[in-house]
S.K.: 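Take a look at this one; I'll ask things after.
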Amino acid sequence: MEPRESWAALAAGGVAGVCVDLILFPLDTVKTRLQSPQGFRKAGGFRGIYAGVPSTAIGSFPNAAAFFITYENVKSVLPHGSSSYLSPATHMVAASLGEVIPFSLVQFPLWESLKDLWSWKQGHVVDSWQSAVCGAFAGGFAAAVTTPLDVAKTRIMLAKAGSSNASGNVLAALGGIWRTQGLSGLFAGVVPRMAAISLGGFIFLGTYEKTRQLLL
C-alpha cells in the first residue's frame, strides 16, 4: 500500500470505530445484561445503559484504526479479488491478524464476498452505502453464529472467584450453559446482538468506506 492509502485506512478506521461505539453502546449493555446469569433485571435492567461510554469512545479510535491498517496492508500483499479462489482465505488471514476473534473470521470474508457479488451484478464497484448494506448482512450473520461464544465470554467475565467459570475455560462454560439452560441459554441475547451488530456493520463499514474514499 502507498503511504496515503495507509493513512486513509488508519483515519477512516478510527472515525468508524468511534461512530459505531457511541451509537451502539446502549444496545451492547442491554445484550450483556440479558446474558448475565443473574437475569436481566438483577443485572441492572435499563438503568445506566450509558455507563462507561467515555472510556469506550477513547479506546475505540486507536483499536479500530489499528485493525483496519493491519487488515488493508495484509490484504494488499496477499492474493485477493473476485477472480481469486484464495480471496476468502486472504480476508480471513487479514481479519485474524487485525483482530483475533472468530467473529471477524466470519464477518469480513462474507462482507468482501457480498461486495464482490454486488459489484459483479451491477458492473461497477459498490458505493459506500452498498458496502454498508453488505456489512449489515455480514455482521448479522456473524453475530448469530458466534452468539454462544459471546455468552460464554460474558459468563466468564461475570463469574465469581472460585466458581467453575472463573477458570476462563470457554468449552467448560459452554457445556455448563448447555446442561442448565439448553439451546436457549447458548443463544441468550441473540436478537439484540444481531440487531446491534447488523446496525453496527452498516455504520462501521459504511463509514469506513465513505471516509476512506473522501480521504483518497
Side-chain angles (χ1 to χ4, degrees), residues 1-28 50 53-84 86-88 90-101 103-143 194-216:
M1 289 177 67
E2 295 179 8
R4 71 188 191 99
E5 292 177 322
S6 293
W7 281 111
L10 189 74
V15 170
V18 171
C19 287
V20 76
D21 280 347
L22 288 177
I23 294 169
L24 299 183
F25 189 87
L27 279 176
D28 188 62
Y50 278 98
V53 72
S55 58
T56 298
I58 292 170
S60 62
F61 189 98
N63 287 339
F67 171 82
F68 270 110
I69 194 170
T70 303
Y71 180 75
E72 294 291 355
N73 273 285
V74 172
K75 196 171 71 171
S76 71
V77 298
L78 295 176
H80 68 284
S82 56
S83 60
S84 173
L86 291 174
S87 182
T90 295
H91 298 140
M92 289 178 72
V93 171
S96 64
L97 289 175
E99 186 176 4
V100 187
I101 55 172
F103 178 85
S104 292
L105 298 182
V106 177
Q107 183 192 30
F108 277 82
L110 182 56
W111 175 54
E112 298 281 6
S113 297
L114 289 172
K115 288 196 300 176
D116 287 343
L117 178 61
W118 201 338
S119 297
W120 175 74
K121 285 282 188 181
Q122 67 185 6
H124 62 83
V125 176
V126 293
D127 297 322
S128 56
W129 72 267
Q130 293 171 321
S131 177
V133 172
C134 294
F137 277 103
F141 179 79
M194 285 182 66
I197 293 180
S198 292
L199 181 57
F202 185 91
I203 297 168
F204 186 51
L205 298 174
T207 301
Y208 171 74
E209 290 277 25
K210 186 63 177 179
T211 306
R212 186 167 175 268
Q213 287 171 13
L214 290 172
L215 291 173
L216 290 174

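Position 1 is the first residue of the sequence; numbering continues from there.
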S.K.: Could you pull out all residues at least two apart from Lys115 that satisfy salt bridge (Lys or Arg N to Asp or Glu O under 4.0 Å)?
M.R.: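 Listed in chain order: Glu112, Glu209.
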S.K.: Could you tell me whether a side-chain N or O of Ser128 sits under 3.5 Å from a main-chain N or O of Gly206, the two making a donor and an acceptor?
M.R.: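 Such a contact is absent between Ser128 side chain and Gly206 backbone.
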S.K.: So, taking the atom named CZ in Phe202 and the one named CZ in Phe137, what distance separates them when rounded to the nearest 0.5 Å?
M.R.: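 The CZ atom of Phe137 is 11.0 Å from CZ of Phe202, to the nearest 0.5 Å.
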S.K.: Spell out, as yes or no, whether a donor-acceptor pair under 3.5 Å connects the side chain of Trp118 to the backbone of Ser131.
M.R.: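 Not at all, since once roles are kept as given, no pair shorter than 3.5 Å links the two residues.
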S.K.: Just verifying a value: how many Å separate Ser113 OG and Phe108 CZ, rounded to the nearest 0.5 Å?
M.R.: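 The distance works out to 13.0 Å.
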S.K.: As an exercise, state the distance from NZ of Lys210 to CG of Leu205, rounded to the nearest 0.5 Å.
M.R.: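 Interatomic distance, Lys210 NZ to Leu205 CG, rounded to 0.5 Å: 15.5 Å.
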S.K.: Give the minimum heavy-atom separation between Gly135 and Gln107, together with the two atoms involved.
M.R.: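 Gly135 and Gln107 have their closest heavy atoms at O-NE2, 4.3 Å.
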S.K.: To the nearest 0.5 Å, what is the distance between CD1 on Ile23 and CG on Leu199?
M.R.: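 Here the interatomic distance stands at 7.0 Å.
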S.K.: Specify the closest pair of heavy atoms between Gly140 and Ser198, including all atoms of both residues, with the distance to one decimal.
M.R.: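 Shortest heavy-atom contact: CA-OG, 3.1 Å.
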S.K.: Grab the two heavy atoms, one from Ala64 and one from Gly13, that are nearest each other, plus how far apart they are.
M.R.: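 Of all heavy-atom pairs spanning Ala64 and Gly13, the closest is CB-O, 3.0 Å.
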S.K.: Quick one: closest heavy-atom pair of Cys19 and Ile203, and the distance?
M.R.: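 Taking every non-hydrogen atom into account, CB-CG2, 4.2 Å.
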S.K.: Testing Thr211, Leu215, Leu10 for side-chain contact (heavy atoms from CB on, under 4.5 Å) with Val15, which one passes?
M.R.: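 Exactly one option meets the side-chain contact (heavy atoms from CB on, under 4.5 Å) with Val15, and it is Thr211.
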S.K.: By ring-ring contact (aromatic ring centres under 6.0 Å, His included), which residues pair with Phe68, not counting sequence neighbours?
M.R.: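 Counting only residues at least two positions away or on another chain, Phe68 forms a ring-ring contact (aromatic ring centres under 6.0 Å, His included) with Phe204, Tyr208.
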S.K.: Hey, does Thr207 have a side-chain heavy atom less than 4.5 Å from the side chain of Val20?
M.R.: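 Val20 vs Thr207: side chains apart.
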S.K.: Taking the side chain as every heavy atom from C-beta outward, state whether Ser6 and Asn73 have any pair of such atoms under 4.5 Å apart.
M.R.: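 Side chain of Ser6 against side chain of Asn73, heavy atoms only: contact under 4.5 Å found.
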